[in-house]
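Order of listing sets the numbers, starting from 1, for every ligand and every atom in it.
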Amino acid sequence: MTPYDINRKTVVITGASGGFGSELCRLLINEHGCRVIGIGRSREKFEELSQSLGDRKNKFRYVLFDVSVRENWQKFAGKLEKNGIIPDLLINNAGIMPPFDKFENEDGETAKNVMDVNFMSVVYGCEAMIPLLLRSAEGGIVNVASSAAFSPVAGTAVYSASKGAVKNFSQALCEEMRGRLYVGCVFPGFSKTGLFRDNGLTEDDQSFISGLGTDKADIASAIVRGIAAGRKLIVCGKDSHMMTALSSVAPSASNSLYTKIMTESDLEMFRRLK
Ligand SMILES: NC(=O)c1ccc[n+]([C@@H]2O[C@H](COP(=O)([O-])OP(=O)(O)OC[C@H]3O[C@@H](n4cnc5c(N)ncnc54)[C@H](OP(=O)(O)O)[C@@H]3O)[C@@H](O)[C@H]2O)c1
């Protein structure tokens with residue numbers, strides 16, 4: 001493992017307007033002297049983030065676009081090039097998750113959207129940015145997957161598939177780029193962020209996520225520590241460590257165990273799995 005010097009880098013982060021993304025922006029700017037270009041769709045959330053950076057807000061800029069559209073990435077990379085900006089690190093973090101439900105109740109359109117935002121955005125982002133990242137003295141790509149990539153559970157069939165795709169894509173890319181770019185993949189566990197907004201969480205649901213999961217700022221710190229150590233696979237959050245460890249020795253048992261915990265709970269967010 002070759003350490004990656006994260007300090008004073010120019011970092012592009014997708015999904016930077018909320019959740020892990022905005023925590024990563026704060027950490028990289030405040031603690032590591034990075035310049036960050038955030039990508040997302042909400043101007044309002046970005047303005048809030050920018051204000052929260054105080055004196056350091058000049059280290060942050062944002063660009064509004066939908067990461068699931070290939071042309072948007074091409075335009076973005078073209079603008080960076082035109083302005084002479086060489087990014088060092090791309091963090092593909094944007095993602096969505098439909099409410100927990102059985103696949104038989106979902107439709108192909110929703111599934112396509114999940115694959116486009118969670119997986120194709122990573123492919124398009126890498127396609128457009130690799131030529132620029134290769135010009136950096138220490139270029140890198142970090143893709144955010146999920147513990148669901150190791151341990152897919154009921155109610156998340158398409159989401160888990162999209163994260164499995166991110167994992168395999170990242171691992172293959174890592175081999176291809178060996179010695180030229182650092183490539184890492186992140187596997188967070190549960191964390192209370194905007195990801196579950198469409199589940200209409202009750203107080204009990206929220207307590208479950210907070211109790212089992214890890215605070216989003218701690219996830220962001222673990223991601224940055226993993227990058228600095230040059231890890232290829234960055235597992236973060238106590239539940240993710242548990243799920244990945246169990247799934248490596250007993251994959252089917254691990255999937256069934258977590259599904260049982262979810263379906264036998266009285267939680268509103270898992271009610272469609274019964
Ligand atoms: N929270 C968890 O428990 C958990 C666990 C495992 C993995 N993850 C993964 O961690 C990553 C970050 O999620 P989070 O938990 O921080 O969720 P979040 O709070 O909902 O943040 C997701 C971000 O993605 C952006 N986004 C969504 N669709 C987009 C699109 N089409 N184009 C551009 N930006 C888009 C959103 O920005 P706008 O609203 O501005 O578009 C938002 O800032 C995701 O990949 C997620 O799958 C999360």
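- Side-chain atoms of V11 and R35, non-hydrogen and from C-beta on, never get closer than 4.5 Å to each other.
- Contact atoms of ligand 1 toward R197: 20 (O) (distance under 4.0 Å to a heavy atom of the residue).
- Annotation: cation-pi geometry not satisfied between K75 and F65 (NZ/CZ under 6.0 angstrom from ring centroid, within 45° of ring axis).
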Practice item. Dump the intermediate steps for side chain to side chain donor-acceptor pair (under 3.5 Å) on S252 and N255, then the final yes or no. Key: CA-CA 5 Å; S252 303; N255 300 348; 5.7 Å; no

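- Shown in contact with K45 at under 4.0 Å from a heavy atom are these atoms of ligand 1, numbered in order with element: 38 (P), 39 (O).
- In this structure, atom 11 (C) of ligand 1 lies nearest to the protein heavy atom N93 O, 3.0 Å.
- Within the set S121, S147, A94, G189, the minimum heavy-atom distance to atom 5 (C) of ligand 1 is found for G189.
- For atom 9 (C) of ligand 1, the nearest non-hydrogen atom from the set S146, A145, G95 belongs to A145.
- Relative to the ring axis of Y62, K45 does not place its NZ or CZ within 45° and under 6.0 Å from the centre.
- Listed by number with element, the atoms of ligand 1 under 4.0 angstrom from any heavy atom of P188 are 5 (C), 6 (C), 7 (C).
- Of all the atoms in ligand 1, the ones that sit under 4.0 Å from a non-hydrogen atom of F65 are 32 (N), 33 (C).
- The pair K9-E138 counts as a salt bridge, with a side-chain nitrogen and a carboxylate oxygen less than 4.0 angstrom apart.
- Nearest protein heavy-atom neighbour of atom 25 (C) of ligand 1: G15 CA, 3.5 Å.
- Heavy atoms of other residues, nucleotides or ligands lying less than 6.0 angstrom from CZ of R43 number 12 at most.
- Side-chain rings of Y159 and F119 stay apart, their centers remaining 6.0 Å or farther from each other.
- Distances below 4.0 Å separate heavy atoms of D66 from the following atoms of ligand 1: 30 (C), 31 (N), 32 (N).
- Atoms of ligand 1 found under 4.0 Å from any heavy atom of V144, numbered from 1 in the order shown, are 9 (C), 10 (O), 11 (C).
- Under the 4.0 angstrom criterion for non-hydrogen atoms, E23 is not in contact with ligand 1.
- Of all the atoms in ligand 1, the ones that sit under 4.0 Å from a non-hydrogen atom of G19 are 16 (O), 19 (O).
- Counting only non-hydrogen atoms, the option in F196, Y159, Y62, F190 that gets closest to atom 8 (N) of ligand 1 is Y159.
- Residue T14 places every heavy atom at 4.0 Å or more from ligand 1.
- Sorted by first then second residue, the ring-ring contact (aromatic ring centres under 6.0 Å, His included) pairs that include residues 219-263, not counting sequence neighbours, number zero.
- Using a cut-off of 4.0 Å between Lys/Arg side-chain N and Asp/Glu carboxylate O, R135 and E81 are scored as salt-bridged.
- Considering only non-hydrogen protein atoms, atom 32 (N) of ligand 1 sits nearest to V67 N, 3.0 Å.
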